[in-house]
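For reference, the structure is listed below as structure tokens.
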Number of protein chains: 2
Amino acid sequence: MATANPLISKLERFVRLSTDDKRALEELVQRKLHRVTARMDILREGERPETLKIVLSGWACRYKALEDGRRQILSFFLPGDLCDLNVFILREMDHTLSSLTMLSYAEITRDMLEHVTSNYPRITQALWWDTLVAMAVQREWTLNVGQRTALERMAHLLCELFVRMEAIGHTQGNSCEFPLLQSDLADATGLSTVHVNRTLQELRAQNLIVLRAKELTIPDLEALKEAALFNINYLHLEHEGRALDANAT
Amino acid sequence: MATANPLISKLERFVRLSTDDKRALEELVQRKLHRVTARMDILREGERPETLKIVLSGWACRYKALEDGRRQILSFFLPGDLCDLNVFILREMDHTLSSLTMLSYAEITRDMLEHVTSNYPRITQALWWDTLVAMAVQREWTLNVGQRTALERMAHLLCELFVRMEAIGHTQGNSCEFPLLQSDLADATGLSTVHVNRTLQELRAQNLIVLRAKELTIPDLEALKEAALFNINYLHLEHEGRALDANAT
DNA sequence: CGGTCCCTTGACAGCCGTCAACTACCGTGG
DNA sequence: CCACGGTAGTTGACGGCTGTCAAGGGACCG
């Protein structure tokens, strides 16, 4: 079971937080809450990021679009995930953040974040960890669209999302909620929607997935991983940083 | 003209460094120097990163390989670029670092880096900036292989490399050194070497590039950018952080 | 001068995109 | 209760972009 606060549960995958740390994180998240409906742009390319956003419930994504309309989804955000640490440093967004489902998220201002990072070293460390993992995921996505076939690519994306859902306690057995449209899968994999459809059919035919009514079931995760050439190392779930024990400071 | 130390010139694109900052950086880089010949793996997937590496001269890259040998180059490193800030946090490499040319680089240990980050806030800020820009570049690459056609994709990669070479003062007019093989371009763009060859021919036929003898010339950069749907914003060269003036602290 | 690496070119195939029509599903309203 | 409209998913036909295979050419080097 996840804690009520998905950011805390997430960072605890990396460091052991003290009660102080947790209280600071609770405050951080409760200051400015937002809700938006599905399929709304939250922060657009070209705008200046003012706040760090943290997904509390629902799914979001970031994407870039070319002038002629082609669109690439670059990341999916699940509960607990952070968007655009850019706020610290970069002047303008080079991509767009957008909700995929009904979404609730917290906003954290630059000042609030600076307060936390200068007083809570373990939290700072954990935010770094999260950033580096996000980079690793982005690299894997580049590999995914660059080298894998359509079938492998789709299998890989489904594996990643399932494993990430599992890590935040949002799976029930072999199944999890799965709100993406086939057109989202197309934009994320660089395939056409028609070919996404065919690829999903093929995965179904091989009994690798059951996907309908916004629910994904993976009867045999190992088999799907094999079909995807999925190597989980890039998610860095090893809980390494648990060495950073709150009681050890 | 660049400073003798490419790391300093790079970070100065973002912050104004004090003489103290510069001395610290000089020391950092001079401690452990290395030279390797072209096409050597420096740090392999699965190994534990012990030090941060900084390219001083030559080109390097990072790549991931699938079990069956397919290979994706994920980034190119030019003089002044940093490899694997991972050293701080992640337990094992999820990709491989490799030299492309004769390469000289400096190694920075965890201790040295921590000393610098706790005593030189402007340097810390500049390292963050560099990390966020690297993420932005990785996103653009995902877009590149996911959405652009072969011609656009190749044009985009050549644009990026030329602009980055220009930013570090390594261009002479319209030309710059260009040590990549067509097979490197293939691995970076997700195309076959044969198709890379054809795509280069096409770019030559349109007078967009001259590429031979390890030298790239771009007669009309604007035209190449247009063919590539190249939007420079993702490189975040705006020198925004110059607000972080060394004399303002 | 032979060897090796890299680049180039042609022929052919296949994966995947495009176009278009059709079905399924769902919420709304008469 | 059924009609209706809109969105999402499905399927077929066809074409083209890009991969594969294979052979040849050029540059550099021992």
Side-chain angles (χ1 to χ4, degrees), chain A residues 37-40 59 66 68-73 100-102 144-158 177-206 209-216 227 229, chain B residues 37-40 59 66 68-73 100-102 144-158 177-206 209-216 227 229:
Chain A
T37 57
R39 316 252 154 216
M40 303 290 292
W59 290 36
L66 296 177
D68 61 9
R70 278 173 282 174
R71 197 172 94 111
Q72 178 70 41
I73 291 181
L100 291 167
T101 64
M102 174 84 81
N144 205 29
V145 293
Q147 298 298 327
R148 279 186 255 255
T149 65
L151 192 86
E152 294 164 349
R153 209 183 294 181
M154 187 62 58
H156 191 277
L157 178 56
L158 298 179
E177 184 197 3
F178 196 84
L180 301 182
L181 305 180
Q182 292 189 357
S183 57
D184 297 324
L185 294 172
D187 289 341
T189 54
L191 300 168
S192 67
T193 57
V194 171
H195 206 65
V196 163
N197 186 285
R198 291 187 177 121
T199 305
L200 290 174
Q201 304 290 7
E202 177 63 21
L203 287 169
R204 285 192 261 250
Q206 296 185 26
I209 63 166
V210 179
L211 177 56
R212 56 172 163 60
K214 302 200 180 306
E215 187 184 58
L216 170 66
L229 302 177
Chain B
T37 57
R39 317 255 155 210
M40 301 292 289
W59 290 36
L66 297 177
D68 61 9
R70 280 174 281 174
R71 197 171 93 110
Q72 177 71 42
I73 291 181
L100 291 167
T101 64
M102 172 84 80
N144 205 29
V145 292
Q147 298 298 328
R148 279 185 254 255
T149 65
L151 192 85
E152 294 164 349
R153 207 182 296 180
M154 187 60 59
H156 190 278
L157 178 58
L158 298 180
E177 185 196 2
F178 195 85
L180 300 183
L181 304 180
Q182 292 187 358
S183 58
D184 297 324
L185 294 172
D187 289 341
T189 54
L191 300 168
S192 67
T193 57
V194 171
H195 206 65
V196 163
N197 186 285
R198 290 184 178 123
T199 305
L200 291 174
Q201 304 289 5
E202 177 64 22
L203 286 169
R204 285 192 261 250
Q206 296 184 25
I209 63 166
V210 178
L211 176 57
R212 55 172 164 58
K214 301 200 181 306
E215 185 183 59
L216 170 66
L229 302 177

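The model shown is predicted, which means the values in this text are computed figures rather than measured ones. A, B, ... follow the sequence lines: proteins, then strands. Residue 1 opens every chain.
OP1 or OP2 of D:dT10 lies within a sub-4.0 Å distance of a side-chain N or O belonging to A:Arg204. Note on B:Gln182: a side-chain N or O is less than 4.0 Å away from OP1 or OP2 of C:dT8.
The number of heavy atoms from other shown groups lying within 6.0 Å of CZ (B:Arg212) does not exceed 12.
If you take CZ of B:Arg148 and C1' of D:dT18, they are 18 Å apart, rounded to a whole angstrom. Atom P of nucleotide D:dC17 and atom CZ of B:Arg153 are separated by 13 Å, given to the nearest angstrom. When rounded to the nearest whole Å, the span between CG of A:Leu191 and C1' of C:dG14 equals 15 Å. B:Gln201 places its CD atom 13 Å from the C1' atom of D:dG25, with the value rounded to the nearest Å. At whole-Å resolution of the value, CG in B:Asn197 and C1' in D:dT20 are 15 Å apart. For the pair A:Lys214 NZ and D:dG9 C1', the computed distance is 11 Å after rounding to whole Å. Put simply, CG on A:Leu185 is 12 Å from C1' on D:dG9, counting in whole angstrom units. What separates CD of B:Glu215 from P of D:dA27 is a distance of 17 Å, to the nearest Å.
Between B:Arg70 and A:Gln147 the shortest heavy-atom distance is NH1-O, 2.9 Å. Here the closest heavy-atom approach between residue B:Thr199 and residue B:Leu151 is recorded as CG2-CA, 3.6 Å. Contact record, A:Leu185 with A:Thr189: O-OG1, 2.7 Å, taken as the closest heavy-atom pair. Across B:Leu66 and A:Arg148, no two heavy atoms sit closer than the pair CD2-NH1, 3.4 Å.
You'll find that the side chain of B:Arg198 is closest to D:dT20, out of D:dG9, D:dG12, D:dT20. Listed nucleotides: C:dC7, D:dT11, D:dG19. Nearest to the side chain of B:Leu181: C:dC7.
Closest-nucleotide positions on DNA chain C for A:Thr149 and A:Val194 were compared, and the one nearer the 5' end corresponds to A:Thr149.
As judged by a 4.0 angstrom heavy-atom cut-off over every strand, A:Leu200 is placed among residues making no nucleic acid contact.
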